[in-house]
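See structure below.
A, B, ... follow the sequence lines: proteins, then strands. Residue 1 opens every chain.
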Amino acid sequence: MSQYQEAANTPTPPSRYQRPSLFACIVVVVFLGLLTKGVMATDVTLARLASGAVNLVDFVGRALPPKLDDLDVIGGAMLETLYIAIVGVTAGVVLSVPFAFLAARNTAPHSLIRIGTRFLIASMRTIPDLVWALIFVATVGLGPLAGVLAIVMDTVGFAARFFSERIEEVHPGPAEALASTGAGRLSVIGGAILPETLASMTATSLYSVEKALRSAVTLGLVGAGGIGVELSAAMRLFNYNKALTIILVILVCVLIFEQLSSAIRRRVI
Amino acid sequence: MANIQIQNVHKSFNDIHVLRGIDLAIPTGECVILLGANGCGKSTLMRCLNGLTYPEQGSVVVGDQDMAKTRGRRLRRQRQRIGVVFQHFNLVDNVSVFQNVLYGALGQQPGGLATTLQALAPQSLRQRAMQCLDRVGLADQATQPCRELSGGQQQRVAIARTLLQAPDVLIADEPVASLDPRAGRAVMELLIDIVRERGMTVLCSLHQLELASEYGDRVVGMKAGRIELDAPRHELDRDTMAGLYQGVVRVDEQQPTPADTALAYSA
Ligand SMILES: Nc1ncnc2c1ncn2[C@@H]1O[C@H](COP(=O)(O)OP(=O)(O)OP(=O)(O)O)[C@@H](O)[C@H]1O
Ligand SMILES: [Mg+2]
């Protein structure tokens, strides 16, 4: 210890605390302002929360016991939801692969194509799935096809972005080595880049399936097929006992599905 | 067969003038070792020879083609004749050793990737790939994933890949720099044997001076983007070689720093 004190010209360590930057201060002030304003604007009051809680208890009371007569109809609708998710995700993932290669910096044939593809992917992602469903209900009509198309859009927006980020992380060396032998662009992508990204793409795809199943449930609320249609009908007719059954079926199915998918995902990575 | 004619080559990255007028001729079948300190421009020069980068000025003729002006389909055809071995091997980690060797034929096989995949490649190609792998002593490892091999073994796989490519010219950028002295010497030995068997024209950069005079027909030294030394192997002496590493050696430095000077005196 004494040897440190003796060295008179030891450089001093940096101070323990750093003054926050001006930028950080501005961010905090703006955030706090929006938060207070938001609480007032959305009318979050204790009284309303309390009465909501009372109503919730009332709803549960009226929904109990769940009505089990329509289980076959509900099961059929749940199966339709599952089909919407699977078909939509498969088409979405297949489409995502070329989109991702066109959008990644190291594989895009031209920077204009890359920017265009990125913009397309970003719009698919930023427009929410329910909005897509509304658009497709208007264009292809009520029913599961609208749901499938909405899932396709949502999946491409999500998966193509993750795929392309993963592609950009691939070490450039192997691709360069294959190019140096005279290989064409597609051979380099297929030979060097695809093998390095396949595992991560599979994991992302499985996660997309889980995500799609959850959104396929809600898509029915706007008429795009599946169990959501049944749920919204039951709620509108105040048939709370049936609604509760539907919610329980959704809960069980989604849970089983998530467990299954994450078990597979763990084995892939 | 091909000879190499590099004339007045200049190349800059941003503000850094990396190659400052390089002239170098290598006759067919000669093995030239390239020496020089870190950052003197060796890799940049070698990359110009395969169209992995392009000079702003000058010509880089390999055989009958100027690599400085070759693009597209003609570049791909020309690249088949110019093999490259990299310091970090640049194998595809997630596929088998055998598949990596097969990739050496990517440029030549009609059908490209489809006909070089392990499952789809024609039997004659598979046979040749196996011979190449056997030549580097790794026939037993054919089905192993590349990432499980040692560095020395990985560089052998890269050499087998180049062997299947069967180029006239071999560019080797510090092929043994990531290997320990023994593995490095063994790989160097193998590489030189192969290029002699095939009569390839070689440009190979190294950081080990003792290997340079042992394996090269001729040694070329670079310093700060210029060629400072060019001598047949029997005319080399240690002092001229050591001179390549003293004073301003990098292309991105102006004055020697005190540390450099100290190093130069201690050397
Ligand atoms: N793609 C690039 N972009 C920008 N600068 C580059 C690029 N490639 C090389 N340089 C710069 O060119 C200079 C020479 O690099 P080069 O790799 O040719 O040296 P080298 O002689 O191969 O060195 P080493 O022995 O470390 O491999 C370095 O200063 C490097 O920063
Ligand atoms: Mg280098």
Side-chain angles (χ1 to χ4, degrees), chain A residues 11 93-94 97-98 100-102 104-114 162-206 264-269, chain B residues 46-47 49-53 70 72-96 99-118 145-147 154 157-158 161-167 169-171 173:
Chain A
V93 164
V94 169
V97 174
F101 281 106
L102 292 176
R105 206 173 306 112
N106 48 346
T107 53
H110 193 278
S111 61
L112 280 180
I113 296 182
R114 176 172 68 91
F162 272 84
F163 289 0
S164 76
E165 279 173 3
R166 181 69 193 89
I167 291 167
E168 287 181 349
E169 284 167 9
V170 171
H171 180 63
E176 194 165 69
L178 297 202
S180 81
T181 68
R185 179 189 293 278
L186 284 178
S187 298
V188 171
I189 289 177
I193 297 178
L194 205 56
E196 305 281 313
T197 50
L198 212 54
S200 138
M201 284 190 183
T202 313
T204 306
S205 304
L206 282 167
I264 300 175
R265 234 167 352 124
R266 268 196 303 277
R267 300 200 53 162
V268 174
I269 305 174
Chain B
M46 301 179 95
R47 291 168 65 82
L49 280 160
N50 189 270
L52 291 171
T53 193
T70 312
R73 192 182 296 271
R74 272 204 317 156
L75 172 66
R76 293 208 296 277
R77 198 161 337 110
Q78 178 72 352
R79 277 176 164 174
Q80 295 166 20
R81 310 172 60 198
I82 306 167
V84 187
V85 172
F86 299 85
Q87 175 181 352
H88 297 291
F89 329 130
N90 288 357
L91 302 174
V92 183
D93 277 340
N94 287 336
V95 303
S96 70
Q99 179 64 70
N100 268 285
V101 178
L102 281 171
Y103 282 154
L106 266 180
Q108 304 143 14
Q109 278 291 112
L113 184 64
T115 49
T116 45
L117 289 181
Q118 204 160 319
C146 271
R147 63 185 123 78
Q154 293 201 25
V157 176
R161 175 172 69 188
T162 310
L163 210 51
L164 186 67
Q165 184 188 348
V169 171
L170 181 73
I171 308 297
D173 191 357

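Both the backbone and the side chain of B/Y103 come within contact range of chain A, each with at least one heavy atom under 4.5 Å from a heavy atom of that chain. With a threshold of 4.5 angstrom between heavy atoms, B/I82 approaches chain A through N, CA, C or O but not through any side-chain atom. For B/R77, no part lies near chain A; criterion is any non-hydrogen pair under 4.5 Å. With a 4.5 Å cut-off on non-hydrogen atoms, A/A179 touches chain B through its backbone and its side chain both. Contacts of B/R73 with chain A are absent, with no heavy-atom separation under 4.5 Å from either backbone or side chain.
In this structure, B/Q108 and A/T181 have side chains that are not in contact, with every pair of non-hydrogen atoms separated by 4.5 Å or more.
Ranked by heavy-atom pairs shorter than 4.5 Å toward chain B, the options A/A175, A/S180, A/A177 are led by A/S180. With chain B as the partner, the residue from A/P195, A/G191, A/G190, A/G184 showing the most heavy-atom pairs under 4.5 Å is A/G191.
The backbone N or O of B/D93 lies less than 3.5 Å from a partner atom in the side chain of A/E196, making a donor-acceptor pair.
Here the CD atom belonging to B/Q165 is positioned 10.0 Å from the CG atom belonging to A/L178, to the nearest 0.5 angstrom. The CG atom of B/L52 sits 5.0 Å away from the CD atom of A/E176 when rounded to the nearest 0.5 Å.
Under the side-chain contact (heavy atoms from CB on, under 4.5 Å) rule, A/P174 has a single partner from B/N94, B/N100, B/V92, which is B/V92.
The number of heavy-atom neighbours closer than 6.0 Å to CZ of B/R147, taken from other residues, nucleotides and ligands shown, is above 12.
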